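Have a look at the structure below before the remarks.
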Amino acid sequence: ELKVEQNPLFLSMQEGKNYTIYCNYSTTSDRLYWYRQDPGKSLESLFVLLSNGAVKQEGRLMASLDTKARLSTLHITAAVHDLSATYFCAVFTQGAQKLVFGQGTRLTINP
Amino acid sequence: NAGVTQTPKFRILKIGQSMTLQCTQDMNHNYMYWYRQDPGMGLKLIYYSVGAGITDKGEVPNGYNVSRSTTEDFPLRLELAAPSQTSVYFCASSYSKGLGNTIYFGEGSWLTVV
């Protein structure tokens with residue numbers, strides 16, 4: 001059974017600092033997603049990572065994928081308050097036709 | 001382009017009542033999903049469908065039923081509502097062919113069972 005684990009689950013950081021959120025998964029995957037969720041809102045797609053070594057960047061967020069280690073990272077550079085949200089990784093397996101989510105990382109960025 | 005539309009957005013049910021959460025997508029996606037999200041938690045898959053007439057159970061199917069008579073619609077039915085079904089429900093859809101397809105989520109349906 002596919003399991004997806006994120007860490008840390010809670011992260012409080014200061015503006016201007018860098019940090020990384022980790023996403024580990026237990027079985028071979030076809031693709032990995034990162035989503036952002038603001039309180040009381042739906043999920044906003046950030047990145048889709050398809051292959052080993054894939055790296056995608058959007059603004060202060062950069063996501064990478066290591067399929068051999070079954071690990072994805074979401075790196076935040078020079079954090080700003082607007083990035084405060086909960087971030088989820090989710091893994092899709094073609095065989096099981098399912099998207100399985102991690103627990104989420106609640107990120108709070110303080111001025 | 002409406003994307004994924006869920007109704008109702010908010011609903012309060014009494015224990016033992018039944019209701020249907022509606023989900024419609026206008027992107028001709030063949031894959032559709034229902035998730036629930038409990039407070040402070042990640043999303044758990046309830047049911048999913050890979051095309052009209054085909055449905056399958058996810059991680060937490062007990063107490064729910066689905067049907068997929070058309071490509072566009074994927075309603076979720078709650079039979080005999082229980083307090084444990086108090087949650088936020090999200091419907092999602094995507095294409096199946098080709099990798100890298102974005103999975104689109106609806107705005108969510110907030111359900112309280114009292």
Side-chain angles (χ1 to χ4, degrees), chain A residues 1-10 21 23-26 28-52 54 56 58 63 65 67 85-108, chain B residues 2-7 9-10 23 25 27 29-51 54-61 68 74 87-112:
Chain A
E1 181 184 345
L2 174 60
K3 292 190 183 300
V4 182
E5 294 188 349
Q6 289 180 236
N7 72 86
L9 300 184
F10 299 93
I21 300 171
C23 174
N24 291 274
Y25 54 97
S26 60
T28 302
S29 163
D30 294 305
R31 44 189 139 140
L32 188 140
Y33 295 81
W34 283 98
Y35 287 92
R36 168 182 172 146
Q37 187 180 38
D38 293 303
K41 301 293 186 181
S42 187
L43 282 80
E44 174 190 353
S45 179
L46 296 174
F47 302 108
V48 181
L49 303 170
L50 304 180
S51 59
N52 189 43
K56 290 196 174 180
E58 181 75 31
L65 179 62
T67 58
T86 299
Y87 292 85
F88 291 95
C89 66
V91 176
F92 185 89
T93 57
Q94 193 74 22
Q97 312 276 18
K98 296 178 184 179
L99 185 66
V100 179
F101 280 80
Q103 312 97 306
T105 297
R106 189 176 300 178
L107 174 64
T108 303
Chain B
V4 180
T5 303
Q6 292 181 231
T7 57
K9 191 168 180 65
F10 300 98
C23 177
Q25 52 88 12
M27 297 173 280
H29 287 166
N30 48 346
Y31 282 21
M32 296 188 75
Y33 313 85
W34 273 107
Y35 288 88
R36 61 175 285 173
Q37 184 179 30
D38 297 328
M41 305 294 285
L43 281 72
K44 292 191 181 296
L45 183 64
I46 305 171
Y47 271 95
Y48 65 101
S49 169
V50 300
I54 306 170
T55 63
D56 208 347
K57 296 178 180 178
E59 302 168 82
V60 289
R68 185 93 182 270
F74 190 41
S87 191
V88 182
Y89 292 82
F90 288 100
C91 179
S93 72
S94 71
Y95 288 114
S96 63
K97 290 187 181 291
L99 299 178
N101 291 309
T102 300
I103 298 177
Y104 297 87
F105 283 81
E107 292 297 307
S109 296
W110 273 252
L111 176 66
T112 302

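Lettering follows sequence order; numbering is per chain, from 1. Worth saying up front: this structure is predicted, and the values here are computed from it rather than measured. Side-chain atoms are counted along with the backbone in the values below, which use heavy atoms only and exclude waters and symmetry mates.
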### Message
Is it the case that atom CZ in A/Arg106 sees more than 12 heavy atoms from other parts of the structure closer than 6.0 Å?
### Response
no
## Note on the structure
Applying a strict 4.5 Å limit to non-hydrogen atoms, the region of A/Glu44 in contact with chain B is neither
### Message
Less than 4.5 Å apart, side chain to side chain, heavy atoms only: is that true for A/Leu99 and B/Tyr48?
### Response
no
### Message
I'd like to check B/Phe90 versus A/Gln37 (side-chain heavy atoms, cut-off strictly below 4.5 Å). Are they in contact?
### Response
yes
### Max heavy-atom pair count under 4.5 Å with chain A, selected residue of B/Ala92, B/Gly40, B/Gly106
B/Gly106
## Note on the structure
Nearest heavy-atom approach of A/Phe101 to B/Leu43 is CB-O, 3.6 Å
### Query
What's the spacing between A/Ser45 OG and B/Tyr104 OH if we round to 0.5 Å?
8.0 Å
### Query
Contact part of B/Tyr35 toward chain A, heavy-atom cut-off under 4.5 Å: side chain, backbone, both or neither?
side chain
### Message
Tell me the closest heavy-atom pair linking B/Ile103 and A/Tyr35, and the distance in Å.
### Response
O-OH, 3.1 Å
### Summary
So CE of B/Met41 and OG1 of A/Thr86: to nearest 0.5 Å the spacing works out to 12.5 Å
